[in-house]
Amino acid sequence: MSQDQQRKIIFIDIDGTLVTDDGSVPESAQAACRLARENGHLLFLCTGRSKAEIYDEIWDLGFDGLIGAGGGYVEVGGETLYHKKVLPEDVLDMVDFFIEHGINFYLESNSALYASPNLKTHLERLLHGDIENDPAARQQMEASPHPFITQLTYGETDWNKEDVNKVCFLESKVPFATIKQRFEGKFQAIQCTVPIFGEDSGELMLPGIHKAVAIADVLHHLGLPVEHTIGIGDGMNDVEMLEFCKLGIAMGNAKPGLKEIADDITDDLENDGLYKSFVKHGLISV
């Protein structure tokens, strides 16, 4: 390989970068990942999702490791480097607040995603429409249930959890700023990167955790230089990743703030953006 063709280590966000809103991976994105690995490049998922949200269809594309929970969990070649967890008493504090204020949420652990009592109904309405009164919407839901909804664990009553990475909450009558202020100093609040969850949706995670810190740890573990890194994403939780990596790529459907700091901007995911970026930067050939 020439200098420009050296093996790269590519960190790929999931939602909006690899996976569409309906939970599918476009064929072009599948091909991009498969071909890049065949060419000797390393591919890491680098996502806000926890391990329980990495479905087989995603793993089957072929990845060398995972940075999950926004940087709180790191796995390389099946080996866990570390897993930073929320204290059980802090989990209970979050749950009590969300239930008291009627905010739908789910706790993310590596083993399961624990849904609040009314989350399923809320998600079905967001993803499929008025399934109670619209037969077409109900038929669509039953014919093609969203993989995210089917992966959630419902009916949980014991919220005293010891393996929680973070919590994701959906838009409610409580503004994001209010929730952020309520947990200031104990949790880092970031706005959610899944558009359908609403502008006031968000995540609460442990302070000091973000993708760039985890990427640096992966590089140290593998003995690879930052000069070989590429980061590609679409949300504001990808800022640190794009700033840290030698080449930071924003999707065409990325948030404006991410595009401002990116080294390059590709097309939308649905318009083969991931594939086009891999071709442009010499990771694969057309």
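The analysis underlying the following values was restricted to heavy atoms, covering all of them including side chains, and did not include hydrogens, waters or symmetry mates. Counting begins at 1 with the first residue of the sequence.
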*Asks:* Applying salt bridge (Lys or Arg N to Asp or Glu O under 4.0 Å), which residue pairs with at least one partner in residues 253-264 are found, sequence neighbours left out?
*Replies:* Asp264-Lys280

*Asks:* Not counting sequence neighbours, which residues clear ring-ring contact (aromatic ring centres under 6.0 Å, His included) with Tyr73? List them please.
*Replies:* His83

*Asks:* Measuring from atom CG of Leu206 to atom CG of Leu87, what distance do you get when rounded to the nearest 0.5 angstrom?
*Replies:* 8.0 Å

*Asks:* Working to the nearest 0.5 angstrom, can you tell me the gap between Cys33 SG and Asp60 CG?
*Replies:* 12.0 Å

*Asks:* For the SG atom of Cys192 and the CG atom of Asp15, what is their distance to the nearest 0.5 Å?
*Replies:* 8.0 Å

*Asks:* How far does NZ of Lys120 sit from OG1 of Thr150, to the nearest 0.5 angstrom?
*Replies:* 9.5 Å

*Asks:* Could you state the interatomic distance from CD1 (Ile12) to CD1 (Ile230), rounded to the nearest 0.5 Å?
*Replies:* 9.5 Å

*Asks:* Work out which heavy atom in Gly16 is nearest to a heavy atom in Asp234; give both atom names and the distance.
*Replies:* CA-OD2, 3.6 Å

*Asks:* Other than Leu81, what residues sit in its cluster of Ile, Leu, Val, Met, Phe, Trp and Tyr side chains whose heavy atoms are under 4.5 Å apart, directly or through others?
*Replies:* Ile9, Phe11, Leu42, Phe44, Ile67, Val74, Val76, Tyr82, Ile215, Val218, Leu219, Leu222, Leu224, Val226, Met236, Val239, Met241, Leu242, Phe244, Leu258, Ile261

*Asks:* For Asp64, give me all partners under salt bridge (Lys or Arg N to Asp or Glu O under 4.0 Å), at least two apart in sequence or on another chain.
*Replies:* Arg37

*Asks:* When the side chains of residues 173-183 are checked against the rest of the protein, which donor-acceptor pairs come out under 3.5 Å, sequence neighbours left out?
*Replies:*
residue	atom	partner	partner atom	Å
Arg182	NH1	Asp93	OD2	3.4
Arg182	NH2	Asp93	OD1	2.8

*Asks:* What ring-ring contact (aromatic ring centres under 6.0 Å, His included) pairs are there with at least one residue in residues 126-158, not counting sequence neighbours?
*Replies:* Tyr106-Phe148

*Asks:* Using modelled atom types only, decide if a donor and an acceptor are shared between the side chain of Asn39 and the backbone of Leu283 within a distance under 3.5 Å.
*Replies:* yes

*Asks:* Can you give me the closest heavy-atom contact between Ile196 and Leu126, atom names plus distance?
*Replies:* CD1-O, 3.1 Å

